[in-house]
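Inspection log for the structure reproduced underneath, given as structure tokens.
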Amino acid sequence: MVKSPMKKDAYLEHWNNRKEQYKRVQRDPLRLKYHLQPPMGWLNDPNGLCQKDGIYHIYFQYCPFYPEIRSIFWGHMTTKDFIHYEEQEPAVYSDSKWDCNGPYSGCAFQEEDTLYFFYTGNVRYEDGNYNYVTDGREQNTILVTSKDGFTFSEKRLLMKNEDYPSDMSKHVRDPKVFWEHGHYFMIQGARSRKDEGSVLLFESYNLTDWTYKLRFQPKTSFGYMWECPNYLKIGEKKFLIVCPQGVAADEYEYANKYQCGWFLLDYDFEGTDYTLGEFHQLDRGFDFYAPQVFQDETGRWILMGWMSVPDSGYEEPTLAQGWVHALTIPRELYVNDVGLLCQRPLKELKGLRQEGYRGSLQTGLDLGTSACSEVIVTFNKRSEDFQMYLRESVRLKYEDGVLLLDVRGCGSGRTTRGLKVAELHKLQIFSDSSSLEIFINDGEDVFTTRIYDSMRELHIQVEGKELDGEWEYYPY
Ligand code: FRU
């Protein structure tokens with residue numbers, strides 16, 4: 001026995017009964033000004049990111065009637081500039097026996113004029129005493145296609161748990177499809193029965209028949225489950241992005257409940273030999289998980305992540321207003337001169353800037369700015385200790401080669417996060433009503449976090465001994 005699916009007409013009825021909630025959500029002062037956020041209810045992972053005929057399609061895990069009804073859909077928004085987002089009807093409903101507990105995360109793969117969406121159909125049995133790890137659950141790989149990103153074909157079941165390697169638990173999900181070495185590949189996040197996380201690699205010559213090829217896994221086990229894998233190639237460098245669960249914290253490393261980061265991958269997509277480099281965290285803040293990457297029509301690799309981490313247990317004050325969570329700003333991925341995968345804010349965001357100001361960095365600087373703004377601080381003399389207050393209750397401190405973010409004053413349970421930075425030369429800070437994204441040294445690292453203060457101002461105060469540098473400020 002499984003939960004009954006929710007079809008489109010039932011969805012629309014629930015939606016129409018919640019028009020008041022929808023209006024209340026839009027009035028919440030914690031609503032973000034330039035981030036993608038749910039029209040109401042709950043949002044998690046970005047899905048199916050793609051650009052078709054000039055329009056960017058951003059689908060996402062969406063539970064608009066949360067917490068009363070916990071059905072997941074693929075929500076849908078479009079944008080042409082990453083500044084204005086348009087709400088669209090959900091793209092995928094939980095309306096079949098293969099995905100009655102939710103169309104879980106997945107990707108878009110584009111070929112000629114067709115978009116192929118691959119996702120995980122989640123099914124939870126309700127008629128027994130299950131542990132839901134090795135039994136009681138189905139994770140089906142499903143395909144839907146579309147010519148325009150707005151209307152979708154029938155669902156087609158491609159793989160089920162029996163088609164995954166036999167030592168896997170029931171947790172195999174989040175397909176990402178790409179073209180390499182003359183044919184198609186699919187990666188999926190996985191948990192084995194021995195609680196080892198890995199990425200499973202499948203191959204295909206027609207996008208519908210898939211054969212298991214191998215698994216990517218480091219020599220020593222690194223967490224019990226890996227979610228939301230991504231693969232990308234920049235120049236000759238290949239990267240695997242994954243979200244491992246069950247990695248123990250180690251001083252400043254792996255401080256969140258679940259992690260997200262990248263490995264350099266050395267693999268020719270032919271034989272079975274590969275090597276994975278070291279794991280690098282993609283973000284150092286409290287709220288970053290399940291990012292998805294895609295290449296747009298200009299060939300840029302764009303990343304958007306979920307601005308939260310599952311099971312982290314923070315209070316989310318927006319819930320009382322009828323909504324929760326958001327996606328990060330879009331970021332362009334690039335490889336820097338020492339071979340690190342870095343993130344820089346998409347250049348389109350410059351379109352948000354109003355007339356700016358600039359000045360030189362001095363101790364005692366006190367800059368009263370708008371909460372929705374961008375601030376760039378450039379240090380001429382690298383590695384000078386300093387501290388900066390952002391919005392009074394957020395402190396960023398650099399001391400003895402450690403950059404420390406302290407949001408105890410407004411983090412709703414979030415405390416401090418640190419990072420070793422041998423040489424600090426640049427900070428680029430994106431502040432929105434209830435979020436902060438701090439890009440360090442041109443995006444070698446990022447701190448992404450939600451904050452909930454009543455201050456509607458970003459109030460920057462800088463203190464340090466021999467500060468030498470510049471600041472730029474742009475209200476949004
Ligand atoms: C990651 C995740 C995915 C899954 C989805 C369900 O946040 O757990 O693995 O597909 O969320 O909403």
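In each ligand, atom 1 is the first atom listed, and ligand 1 is the first ligand listed.
Every atom of ligand 1 is numbered from 1 in the order shown, and the set under 4.0 Å from a heavy atom of N44 is 5 (C), 6 (C), 7 (O), 11 (O), 12 (O). Short contacts between ligand 1 and Y104, defined as distances under 4.0 Å to a heavy atom of the residue, involve ligand atoms 4 (C), 6 (C), 10 (O). With ligand atoms numbered from 1 in the order given, ligand 1 contributes 5 (C), 10 (O) to contacts under 4.0 Å with heavy atoms of S105.
For the pair R137 and Y130, the cation does not sit on the ring face, since its NZ or CZ is not both under 6.0 Å from the ring centre and inside 45° of the axis.
Using bins of under 30°, 30° to 60° and over 60° for the plane-to-plane angle, the ring pair Y119/W74 lands in the tilted bin. Using the six-membered ring where Trp is involved, Y116 and F118 have ring planes that are parallel, under 30° apart on the 30 and 60° scheme.
The ring pair (Phe, Tyr, Trp, His ring centres under 6.0 Å) test with Y231 is passed by exactly one of F269, Y267, F185, F216: F269.
The N/O atoms of Y289, backbone and side chain alike, include none that comes under 3.5 Å of an N/O atom in ligand 1.
Among all non-hydrogen protein atoms, the one lying nearest atom 12 (O) of ligand 1 is Q61 OE1, 2.7 Å. Counting only heavy atoms of the protein, atom 10 (O) of ligand 1 lies nearest to D174 OD1, 2.6 Å. Looking only at heavy atoms of the protein, atom 8 (O) of ligand 1 is closest to E227 OE2, 2.9 Å.
Under 3.5 Å, the side chains of S153 and T145 contain a donor-acceptor pair of N or O atoms. Between the side chains of Q88 and T78, at least one donor N or O sits under 3.5 Å from an acceptor N or O.
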Taking only distance into account, with no hydrogens and no angle test, what donor-acceptor pairs under 3.5 Å do side-chain atoms of residues 273-280 form with protein atoms, sequence neighbours excluded?
unit_1 : atom_1 : unit_2 : atom_2 : d
Y274   : OH     : R215   : O      : 2.9
Y274   : OH     : Q217   : N      : 3.0
Y274   : OH     : Q217   : O      : 3.2

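The residue from D45, N122, L43, D311 that puts a heavy atom closest to atom 7 (O) of ligand 1 is D45.
Look at T120 and you'll find every heavy atom at least 4.0 Å from all atoms of ligand 1.
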